[in-house]
Amino acid sequence: MTIEIDMKTKELQVQETKPQLKQPALYQVLMHNDDFTPMEFVVVVLELFFGMERTVATRVMYEVHSTGKAVCGAFSKDVAETKVNQVMDYARMHEHPLLCSIEAM
């Protein structure tokens with residue numbers, strides 16, 4: 001909101017302004033390869049926590065397996081950290097050493 005004074009008429013004029021908003025910074029959630037977590041478990045995690053369809057999840061799982069890591073999605077920092085924590089907790093609950101991390105885009 002801005003307030004202007006017209007010096008000739010001595011009137012106040014109030015103009016509404018929209019706040020300047022910018023998009024939050026995005027962070028990639030990365031999944032890292034290990035030699036112990038079953039491939040099917042990785043596919044299930046991608047479906048459950050990242051909303052991927054089976055074919056997309058399978059493709060991402062093979063990318064993790066063949067290149068050592070893959071991007072699971074891009075989110076605001078809070079959401080990315082939450083996803084990493086959820087995946088890691090779920091993996092530990094099922095006794096798998098699956099590792100996820102976040103990286104600024």
Side-chain angles (χ1 to χ4, degrees):
M1 176 180 352
T2 59
I3 300 174
E4 296 178 2
I5 300 174
D6 186 344
M7 297 306 285
K8 291 179 183 177
T9 62
K10 306 260 188 212
E11 291 182 8
L12 289 177
Q13 295 178 352
V14 178
Q15 293 179 345
E16 291 292 324
T17 57
K18 292 184 181 180
Q20 299 282 332
L21 300 177
K22 64 177 188 175
Q23 293 291 331
L26 292 179
Y27 291 78
Q28 295 178 332
V29 175
L30 301 171
M31 186 173 287
H32 302 271
N33 189 40
D34 65 71
D35 294 331
F36 304 102
T37 305
M39 291 180 178
E40 182 58 30
F41 183 80
V42 173
V43 170
V44 169
V45 165
L46 292 167
E47 290 174 330
L48 282 175
F49 296 100
F50 298 98
M52 294 183 187
E53 293 183 9
R54 170 86 37 174
T55 53
V56 175
T58 302
R59 184 174 43 79
V60 171
M61 178 272 299
Y62 278 120
E63 184 178 345
V64 170
H65 181 70
S66 62
T67 66
K69 65 181 178 179
V71 175
C72 302
F75 308 94
S76 67
K77 187 173 184 178
D78 290 342
V79 173
E81 288 174 343
T82 300
K83 295 238 182 230
V84 167
N85 291 333
Q86 289 174 333
V87 168
M88 303 273 287
D89 290 346
Y90 186 76
R92 299 301 171 267
M93 187 172 63
H94 290 88
E95 300 180 357
H96 296 299
L98 185 63
L99 179 64
C100 283
S101 64
I102 66 170
E103 183 177 278
M105 292 181 68

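All figures in this text were calculated on a predicted structure; none of them were measured in a lab. FYI, side chains are in, hydrogens and waters are out, and symmetry mates aren't considered; it's all heavy atoms of this structure.
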If you round to the nearest 0.5 Å, how far is [atom2] of [Y] from [atom1] of [X]?
X    : Y   : atom1 : atom2 : value
T82  : Q86 : OG1   : CD    : 6.5 Å
I102 : C72 : CD1   : SG    : 12.5 Å
E103 : Q28 : CD    : CD    : 5.5 Å

*Which atoms form the tightest heavy-atom contact between Y27 and K77, and what is the distance?*
CE1-CB, 3.4 Å
*Which heavy atom in V64 sits nearest to a heavy atom in A70, and how many Å separate them?*
CG2-CB, 3.4 Å
*Kindly say whether the aromatic ring centers of F36 and F41 come within a distance under 6.0 Å.*
no
Quick one, [X] and [Y] - any side-chain contact, counting heavy atoms below 4.5 Å?
X   : Y    : result
K83 : C100 : no
H96 : P38  : yes
V71 : L30  : yes
V84 : F75  : no

*For R92 and V87, indicate whether the former's side chain and the latter's backbone hold a donor-acceptor pair under 3.5 Å.*
no
Can you give the donor-acceptor pairs under 3.5 Å from side chains of residues 45-57 to other protein atoms, not counting sequence neighbours?
unit_1 : atom_1 : unit_2 : atom_2 : d
E47    : OE1    : R54    : NH2    : 3.3
E47    : OE2    : R54    : NE     : 2.9
R54    : NH1    : E40    : OE1    : 3.4
R54    : NH1    : E40    : OE2    : 2.8

*In terms of heavy-atom contacts, does NE2 of H65 have more than 12 from other residues, nucleotides or ligands at under 6.0 Å?*
no
*Is it true that V42 and Y62 fall in one hydrophobic cluster, defined by side-chain heavy atoms closer than 4.5 Å?*
yes
*Sequence neighbours excluded, which residues qualify as side-chain hydrogen bond (donor to acceptor under 3.5 Å, both in side chains) partners of T58?*
none
*Partners meeting side-chain hydrogen bond (donor to acceptor under 3.5 Å, both in side chains) with D34 (sequence neighbours left out)*: T37
*S101: which of H32, K69, M31 passes side-chain contact (heavy atoms from CB on, under 4.5 Å)*: H32
